[in-house]
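Here the structure comes first, spelled out in C-alpha cells, and everything after it is commentary.
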Amino acid sequence: QVQLVESGGGLVQAGGSLRLSCAASGNIFSINDMGWYRQVPEKQRELVAAITSRGTPNYADSVKGRFTISRDSAKNTVYLQMNSLKAEDTGVYYCNAKIKMRATPFRTDDYWGQGTQVTVSS
C-alpha cells in the first residue's frame, strides 16, 4: 500500500508564494515521475509540473518562470514552489507519483494524493 501525503496549501494574496510538499510512503521499490496537477470545478485535472527520476522538470506554459518543481529522492518527496501567484492558479492541487512496489517491481502504477486547496485572492 502506498500513501501520498500533501501539505502546504492555503490562502494567499496575488503576488504571494506558497510551497507544496508531497511525501510518498509504503512498500516502495522505486518512483519514476512525480508531479502536480490542478483541478478547478467543471474542468479536467491538468498537469502543472512534473519531474523525472533524474530531476528533469516539465512545466505547463501558464506557470513557467513562476513555479519550480523539485524532489528529494531519498525522502520520496516532491515539492512545488509557487511564486508570483495569480488568481487563475486557484484550485485543488493533487500530487501524482508513478511507483513500482517491492512486491511487483516490474509494474508501474499511478498514485494520487488527497489534494490540497490553493486559493489566490486578487
Side-chain angles (χ1 to χ4, degrees):
Q1 191 74 3
V2 169
Q3 274 195 318
L4 298 183
V5 179
E6 300 150 344
S7 60
L11 172 65
V12 65
Q13 287 189 332
S17 298
L18 284 174
R19 189 189 194 215
L20 305 183
S21 299
C22 171
S25 62
N27 203 15
I28 296 170
F29 177 73
S30 66
I31 303 179
N32 295 343
D33 292 3
M34 302 184 81
W36 292 94
Y37 289 71
R38 176 173 62 217
Q39 189 160 26
V40 297
E42 300 181 352
K43 287 192 175 182
Q44 284 193 332
R45 196 173 293 186
E46 61 178 4
L47 176 68
V48 174
I51 187 167
T52 69
S53 58
R54 296 191 175 189
T56 302
N58 178 42
Y59 298 98
D61 287 343
S62 61
V63 306
K64 283 180 180 176
R66 301 187 297 119
F67 290 11
T68 302
I69 190 169
S70 61
R71 67 190 285 175
D72 184 335
S73 294
K75 296 181 179 179
N76 290 337
T77 299
V78 63
Y79 306 96
L80 185 66
Q81 178 66 44
M82 304 185 293
N83 298 330
S84 302
L85 282 160
K86 304 176 181 179
E88 51 263 43
D89 296 319
T90 295
V92 179
Y93 283 69
Y94 293 91
C95 173
N96 171 266
K98 302 185 187 310
I99 296 175
K100 295 181 179 181
M101 301 294 289
R102 290 188 187 279
T104 53
F106 300 107
R107 191 179 88 190
T108 303
D109 291 315
D110 264 339
Y111 291 89
W112 293 90
Q114 78 282 2
T116 185
Q117 177 70 44
V118 170
T119 303
V120 184
S121 62
S122 56

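Not measured: the values here are computed from a predicted model.
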At what distance, to the nearest 0.5 angstrom, does [atom1] of [X] lie from [atom2] of [Y]?
X      : Y      : atom1 : atom2 : result
Gln13  : Thr119 : CD    : OG1   : 13.0 Å
Arg66  : Leu85  : CZ    : CG    : 6.5 Å
Trp112 : Cys22  : CH2   : SG    : 10.5 Å
Leu20  : Ser7   : CG    : OG    : 8.0 Å
Leu18  : Asp89  : CG    : CG    : 9.5 Å
Lys98  : Thr52  : NZ    : OG1   : 12.5 Å

Could you tell me which non-hydrogen atom of [X] sits nearest to which non-hydrogen atom of [Y], and how far apart they are?
X      : Y      : value
Val2   : Met101 : CG2-SD, 3.0 Å
Ala24  : Leu4   : CB-CD2, 3.2 Å
Ala49  : Leu47  : O-CD1, 3.5 Å
Arg102 : Pro105 : O-CD, 3.4 Å
Ser73  : Ser53  : OG-O, 4.4 Å

Close side-chain approach of [X] to [Y], heavy-atom, < 4.5 Å:
X      : Y     : value
Lys100 : Asn32 : yes
Tyr59  : Thr68 : yes
Val120 : Glu88 : no
Tyr94  : Arg45 : yes

Tyr37 reachable from Val63 in the ILVMFWY side-chain graph, under 4.5 Å edges: no
Side-chain donor/acceptor of Glu6 to backbone N/O of Gly115, under 3.5 Å: yes
Lys/Arg N to Asp/Glu carboxylate O, Asp61 vs Lys64, below 4.0 Å: yes
Other residues, nucleotides, ligands: >12 heavy atoms within 6.0 Å of Gln114 CD: yes
Test applied, side-chain contact (heavy atoms from CB on, under 4.5 Å); reference residue, Ile69; option that passes from Asn58, Ile51, Val48: Ile51
What pairs of donor and acceptor atoms, side-chain ones from residues 77-84 against any protein atom, are under 3.5 angstrom apart with sequence neighbours left out?
residue : atom : partner : partner atom : Å
Thr77   : OG1  : Lys75   : O            : 2.9
Gln81   : NE2  : Asn83   : OD1          : 2.9
Asn83   : OD1  : Ser17   : OG           : 2.9

